[in-house]
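Worksheet: one structure, shown below.
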2 protein chains.
Amino acid sequence: MPIWTYIFLMARAATTSDAFNAVAEPQRRRILVLLKGRERPVNELARALRITQPRTSKHLRVLREVGLVRVREAGQQRLYGLDARGLQPVHEWVIGFEQYWNENFDRLNEYVKRLQQKEHADGKRR
Amino acid sequence: MPIWTYIFLMARAATTSDAFNAVAEPQRRRILVLLKGRERPVNELARALRITQPRTSKHLRVLREVGLVRVREAGQQRLYGLDARGLQPVHEWVIGFEQYWNENFDRLNEYVKRLQQKEHADGKRR
DNA sequence: TTGACATATGCCGATATGGACATATATTTT
DNA sequence: AAAATATATGTCCATATCGGCATATGTCAA
């Protein structure tokens, strides 16, 4: 089977591994919150979240891969610390909508929008 | 098979369907950006994103289910409009990290953190 | 009514994901 | 060295997800 077939078949999903994705998982969000202020070892996080240690390690791995946490060896333990810089893009994207969630969708507003839409639709009609 | 067995087996993933998740998908983010300012019909979105219409409809369904867009029938078309209120929780969560991504990880900072960590570890030792 | 257009949905295939469990690896303690 | 502790990883299972394609549904025009 030629390589391009393989590539073609592979070209499906590719959701993985950016800050947006890392943060989509509730447990991972909780981990990040727990890491505010100070580093913590894996077991402590697992206990705090009431989840198993392997699961915790896997979430930490994802967070590590997208650069939201960093690890530091400390004897037997691995101390995970927050590196929030990766959250900045998320913030920047979301803040771009601030004016819209404050918007009051009153009738006039809607009316104007519909007019605009109508114009647009007519204009584009081919 | 007793019902609890079923429930037990079911209790696996549950990632689905909140704003965090909806926004984790790049195409869906692009859709939301396109909907800033004015409503758009599905086909227009599909064309703008260079993706198929069914795919667009499916993304829109997710966005609709989490309440980030609303639909309005307009003859043959369905006009999708932004409802950014659902993004507010995302913003609130992320903004809680603002002080940390500005943080400069200098040596003193680290030193203090490590001291705290050590104290904590010693204190918890059982 | 028929046909064109707009949209939603069902099905399939491939892959990603999350969790549980067992186990491998590394470090410290005895 | 052996045991205890801390963590990472591999395997298995069930499900979610994304994409393409075909098609169903609904609306408007001729």
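None of these values were measured; they are calculated from a predicted model. In what follows, every chain begins at residue 1, and chains take the letters A, B, ... in the order their sequences are listed.
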In terms of side-chain heavy atoms of A:Asn43, which of C:dT7, D:dG19, D:dT7 is nearest? D:dT7
Polar pair under 3.5 Å, donor/acceptor by atom type, side chain A:Gln53, base D:dA8: yes
Return the minimal non-hydrogen interatomic distance between A:Phe97 and B:Leu32, and the atom names on each side. CE2-O, 3.6 Å
Describe the nucleic acid contact of B:Thr52 in one word from base, sugar-phosphate, nothing, applying a heavy-atom distance below 4.0 Å. sugar-phosphate
Of all the choices, D:dA8, D:dG10, D:dG19, which nucleotide is nearest to the side chain of A:Tyr80 once you look at every atom? D:dA8
Please report the closest heavy-atom contact between A:Gln27 and A:Leu49, naming both atoms and the distance. O-CD1, 4.2 Å
Between protein and nucleotides 27-30 of chain D, what N or O pairs are separated by less than 3.5 Å?
unit_1: D:dT27; atom_1: O2; unit_2: B:Gln76; atom_2: NE2; d: 3.3

Have a look at A:Arg78 and say if it touches a base, only the backbone sugar-phosphate, or nothing, with a 4.0 Å heavy-atom cut-off. sugar-phosphate
Measure from the side-chain heavy atoms of B:Glu25 and tell me the nearest of D:dG19, C:dG18, D:dA8. D:dG19
Heavy-atom nearest nucleotide on DNA chain D for A:Val71 versus A:Lys58: which residue maps closer to 5'? A:Val71
Heavy atoms from C-beta onward define the side chain here; which of C:dG18, C:dT9, C:dG19 lies closest to that of A:Gln27? C:dG19
Could I get the full list of salt bridge (charged side-chain N to carboxylate O under 4.0 Å, His left out) partners for B:Arg28, not counting sequence neighbours? none
Does A:Gly81 offer a backbone N or O that forms a donor-acceptor pair with the side chain of A:Arg72 under 3.5 Å? no
Using the ring of each side chain (for Trp, its six-membered ring), is A:Trp93 parallel, tilted or perpendicular to A:Phe20, with breaks at 30° and 60°? perpendicular
Non-neighbouring partners of A:Glu65 that pass side chain to side chain contact (heavy atoms under 4.5 Å, CB included), sequence neighbours left out: A:Arg61
